[in-house]
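Numbering of ligands and ligand atoms starts at 1, following listing order.
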Amino acid sequence: MPTLICVPIFVQDEPQAAADALAARDSGADLVEFRIDGFFTGAQGPQGALDELQVKAILRLVAQSPLPCIVTCRAAAEAGSGGLNSGGVGGYTDDEMARVSLYERLGTASSASETRGHAADAGTLREHPPRYLDFEYASYTRSANIKQKINLAVTHPAQVRSDVSTGLILSTHDFEGRPADLTRRVLRMQAEPAASVVKFAFRARSQRDNLEVFDLLRDNRDSGGKPMIGLAMGEFGLMSRVLAPKFGGFLTFASLRRAGATAPGQPTVRDLLDGYRFRSIRPSTKVFGVVGWPVSQSLGPLVHNAGFEAIGFDGVYLPIPIAIDEHDAEKTYLSFKATLSVLVEHPHLDLSGLSVTMPFKEHLVRWYRERSGHSETLDEATTAIGAANTLAIHPDRSTSLTNTDVHAVQRLLLKAFGGENLANRTIVVLGAGGAGRAAAWACLTLGATVLIANRTLARAEKLAGELNAAHGRKNSGKAAPVAMTDLPVQSSVHGIINCTPMGMSGHAAQKADVIQLEEIAGLADDAVIFETVYRPLETPLLRKAKELGQTKPLRIIDGVSMFVEQAAAQFQGWTDHPATVQLFDRISREALSV
Ligand code: NAP
């Protein structure tokens, strides 16, 4: 059975909730969940009767819902705090028996309309029971009385009433992390005869928690268990939401609007359908992703998923954040290593390729060497640079590394210089970090003289030394360090590549002084000005280059071109399909210009 998409609607106001249900249907969802804990107060009249106005409003929502619905009045104990999964609704705190009576009333709604005539009160609508009621396992098992009352409202083998059709979702939630007794809880919920669907959700503390979810879902599917919903919440849990169809999840939750996302890591319906091609995810789907910190802004998922769609490839590409420890580099590496190892080794995830970005490019090489017991050979570029941005995982779980940043710089420079070798050309590389290393190596391999200018001169000196040592046997191409404050004003410069975050939106270096192009006396008239930063599309360096371009025929390469080239090379490596550079370029520019 295909995995359904359900939109949670946090009911505060009946007309708005009804409109949201319509919008959910229009956006392509299959189900809605009316979360009524912020609406139903449990207020009771003198004889203990429920507040009819509230009950009728809920019944109207159910009857008018354009999609099958779940109704949930979540107990505060399992609603989370700080809006983690509650959309700012703190959960129900009022009288428990009023909540149970409401469930009873909802589950038996159609018969109530016939015997008590509520249909007339609700306008011309007949009352209608929800498709599902969601009740927490902990509340359900609190007393025999509660269990009995809930059982009266839902369909199950011992139900004597033939007019009850609402299914019970028995659920358990943990907002701290994976409960130690998760498997036991799941088995107990499964064993409850009244449960139609079993749901577990817990906060993911790392990517590894997603794998626990997948193992439970998959075992359940393979053993023919009841439909199951399994979710890891929070920013590390996105994978569990997107890959639910791969492992047989009954449904996944998605929000209607980005601003209204009820949980970090919860995608919108359109993200799922258009971005992640949710309807085409199946057990055989190969998984790809971008590993870094942070990765929420990455263009990778946009372009690679569109590429898979364009060539009909059975794959999905996800952001895969791995948290860093700002004060402890070794801890950061160990966390990266542990996460990467379990993802790569998982027998059913089918992880097939990763883009690796800041700050893990060097960690990737170390991980690779350690994993292979230092026996596997790296390509020349990766060895020289000591950093890689692409991992391919083959069906036998063996892995290979490449650095497509190098490939991208080589291709773009060759194109800019009309396919010429760069011997007798001088290129200034700004920065000695991962991108600077890749760019400098690419220039050397094309035969250029490379001046590495870096804020920390010692790093530039070290890099120049290492690259010269690695490249020494070649005839042309040599690297030399230069202080940022002492950029060449006399020697000829045929190209400048910015490999620092200077000018990058949201970065501490956004306002840093950009290189004064006009002060570089030796700047060739047709020099190449190459930017790697792509947020914003037009950086201060590119703006300056355009200004100067009024009087000199400068050739400009922007950060998107770099991004697209390195991503297209990854795509080709993973899929064996000629890269879709134009598609990637169009999608990236569209995304960056909004
Ligand atoms: P990295 O390894 O952290 O290196 C950062 C470099 O920038 C270092 O050389 C650092 O100098 C320098 N730097 C940092 N802050 C600075 C400031 N305020 N003023 C001057 N220099 C500063 O990062 P990376 O991986 O090389 O990435 C660098 C940039 O390249 C990023 O902005 C990234 O977006 C871009 N990039 C783009 C693509 C693409 O596909 N378009 C691909 C890769 C990278 P110190 O040595 O003194 O710290």
Next on the checklist: Using side-chain heavy atoms (C-beta onward) and a distance below 4.5 Å, is F584 in contact with H304?
Outcome noted: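 Of all side-chain heavy-atom pairs linking H304 with F584, at least one is under 4.5 Å.
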Next on the checklist: Strictly under 4.0 angstrom, heavy-atom based: which residues surround ligand 1?
Outcome noted: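 Contacting ligand 1 under 4.0 Å are M358, K361, D405, G431, A432, G433, G434, A435, N454, R455, T456, R459, C499, T500, P501, M502, M504, A509, T532, V533, Y534, G559, M562, F563, Q566.
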Checklist entry - Under 30°, 30 to 60°, or over 60°: which ring-plane class applies to F214 and F247, parallel, tilted or perpendicular? => result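 Taking F247 first and then F214, their aromatic rings lie parallel (interplane angle under 30°).
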Checklist entry - Should the ring pair F360 and H363 be called parallel, tilted or perpendicular, given that the plane angle runs from 0 to 90° and is split at 30 and 60? => result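 Plane angle between 30° and 60°, so tilted.
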Next on the checklist: Suppose the criterion is ring-ring contact (aromatic ring centres under 6.0 Å, His included): which pairs have a residue in residues 525-553, not counting sequence neighbours?
Outcome noted: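 For residues 525-553, and leaving out neighbouring residues, the ring-ring contact (aromatic ring centres under 6.0 Å, His included) pairs sorted by first residue read Y534-F563.
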Checklist entry - Are R555 and F417 in a cation-pi contact, defined as NZ or CZ under 6.0 Å from the six-membered ring centre and within 45° of the axis? => result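 Here R555 passes the 6.0 Å and 45° test against F417.
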Checklist entry - Do we get R277 above F308's six-membered ring, with its NZ or CZ under 6.0 Å from the centre and within 45° of the axis? => result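 Negative - R277 is either too far from the ring of F308 or too far off its axis.
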